[in-house]
S.K.: 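This is the structure I want to talk about, given as structure tokens.
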There are 2 protein chains.
Amino acid sequence: MSIQIAMLEDNDGIRNTLVSLFNKHENLHCVADFDNPNEAVRALPRLKPDVVLVDIHMPGGSGIEAIRQLKPILPETQFIVFSVFEDNDNIFDALTAGATGYLVKSTPPDKIIEAIHEVHQGGSPMSSRIARKIVANFQTKKSEAKQLEILTAREQEILNYLSKGFRYKEIASSMFISIETVRTHIRNIYEKLQVSSRTDALNKVFGK
Amino acid sequence: MSIQIAMLEDNDGIRNTLVSLFNKHENLHCVADFDNPNEAVRALPRLKPDVVLVDIHMPGGSGIEAIRQLKPILPETQFIVFSVFEDNDNIFDALTAGATGYLVKSTPPDKIIEAIHEVHQGGSPMSSRIARKIVANFQTKKSEAKQLEILTAREQEILNYLSKGFRYKEIASSMFISIETVRTHIRNIYEKLQVSSRTDALNKVFGK
DNA sequence: TAGCGTCTAACACTTTGATGTGATTTTGTG
DNA sequence: CACAAAATCACATCAAAGTGTTAGACGCTA
């Protein structure tokens, strides 16, 4: 079975080069190519390709928008972004929109072919610098642990209830202590974190 | 300049195979190998390798713990997890502990070598199924957009202030409207989201 | 134009949250 | 043991948040 590919790329040169690159391979078949998002959004639902290569910046709309609209209709189809942009906003927007892979435009032809096979086999092909940025996103969230260190076990426990939206009296009965004790703990938590409201405390500790 | 590598892997067979694999390559040099985390944590700070390949499950401790301790001391060193585990918990724990790459044990030798070069050049080598899981993690967070849809523009704006811990009066003056209007909007937001407190609303929309 | 949704605003009222000041008991470490 | 840190509880007070109800102004559209 050959893999059905579609292309969304406004640059004629790049698009045609890639189309013929795909068709040079036995098990790849380029079923359609578009130079603007609108056409793609209209035509692709009927074509149901396995993989779509999508450029981000195009006159006539964003490729990310196209993915956002198409992915819910074509959940089986894998979208790979193919872009010159490497900034966090574009990367994360693309992924939350439903892209499964992200390649920078400098990717050599053989790596593009490899990526298509990879995404078709359940992987997430990603240029190395892109992957690094995604990983970095996880690592910034660890400051949380550091803030928590200054809180006692009991205080952390209460903070946890706070994060779940529990009212003081609910925390008190869940922890089998008086509501006054809950107040005291929370007062101490706020003091340590240098905040003065539940939301501020949560943002400071779990805060993005 | 050759890349200085260290290995942390309890299985003697695998460890020795990899060490000799590395040393077969001109520009790679394996400077140390350990069969338990403790020794590694003590010795590595002095060796300052460029790349460390780390197994997760070992008698004597977790490789993830070792990374958590070592990464702050060796920020320049890149840690690649090398494990049979592919569950989300291990993957995300490893990344937040400071790992930059994650390879499954079935990775062929030439891909391991490639990964070491990749991580050394600023990339994040990742087995395809691992990458897919990381990407999937982003996509689950998009339910947020769905919840937001039912809120009007003005309501979303206010919800945003709420998430930042603003008090009603602060929101009112920031948006140049009366505090009573702020109340009304928030009442409507809570109604739509079926909640009855700030924290519940935030959890429902931006919810972890 | 009549109706719908949105944004705006007000008033009254109850509940919850935050803060100040105090105290007793338990637990762990030098 | 003695001291410190942590956990427990109390009372008082004010600020903030949440709830019920009502209503005018605007824009869109069936």
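Values in this document were obtained by computation on a predicted structure and should not be read as measured data. In what follows, every chain begins at residue 1, and chains take the letters A, B, ... in the order their sequences are listed.
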S.K.: How long is the line joining CD of Q156(B) and P of dT6(C), in whole Å?
M.R.: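 To the nearest whole Å, that distance equals 12 Å.
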S.K.: Might you point out which heavy atoms bring V104(B) and S127(B) nearest each other, and give the distance in Å?
M.R.: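 Looking at all heavy atoms of both residues, the shortest contact is N-OG, 2.9 Å.
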S.K.: Does the distance from a Lys or Arg side-chain N to an Asp or Glu carboxylate O, for E65(B) and K71(B), drop under 4.0 Å?
M.R.: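 Answer for the salt bridge query: no.
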S.K.: What are the two closest heavy atoms between F82(A) and D55(A), and how far apart are they?
M.R.: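 Residues F82(A) and D55(A), closest heavy atoms: O-OD1, 3.1 Å.
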S.K.: I'd like to compare against my own output: the B/S/- annotation of nucleotides 8-24 of chain D with a strict under-4.0 Å heavy-atom distance to protein.
M.R.: BBBB----SBBBBB---
S.K.: If you take all heavy atoms of P49(A) and V52(A), which pair is closest and at what distance?
M.R.: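 Smallest heavy-atom distance, with atoms named: CG-CG2, 3.6 Å.
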S.K.: Looking only at the side chains, is there a donor atom on one of D93(B) and N90(B) sitting less than 3.5 Å from an acceptor on the other?
M.R.: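 Per modelled atom types, D93(B) and N90(B) side chains form no pair under 3.5 Å.
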S.K.: What is the separation between atom NZ on K192(A) and atom P on dA5(D), rounded to the nearest whole Å?
M.R.: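 Whole-Å distance recorded here is 11 Å.
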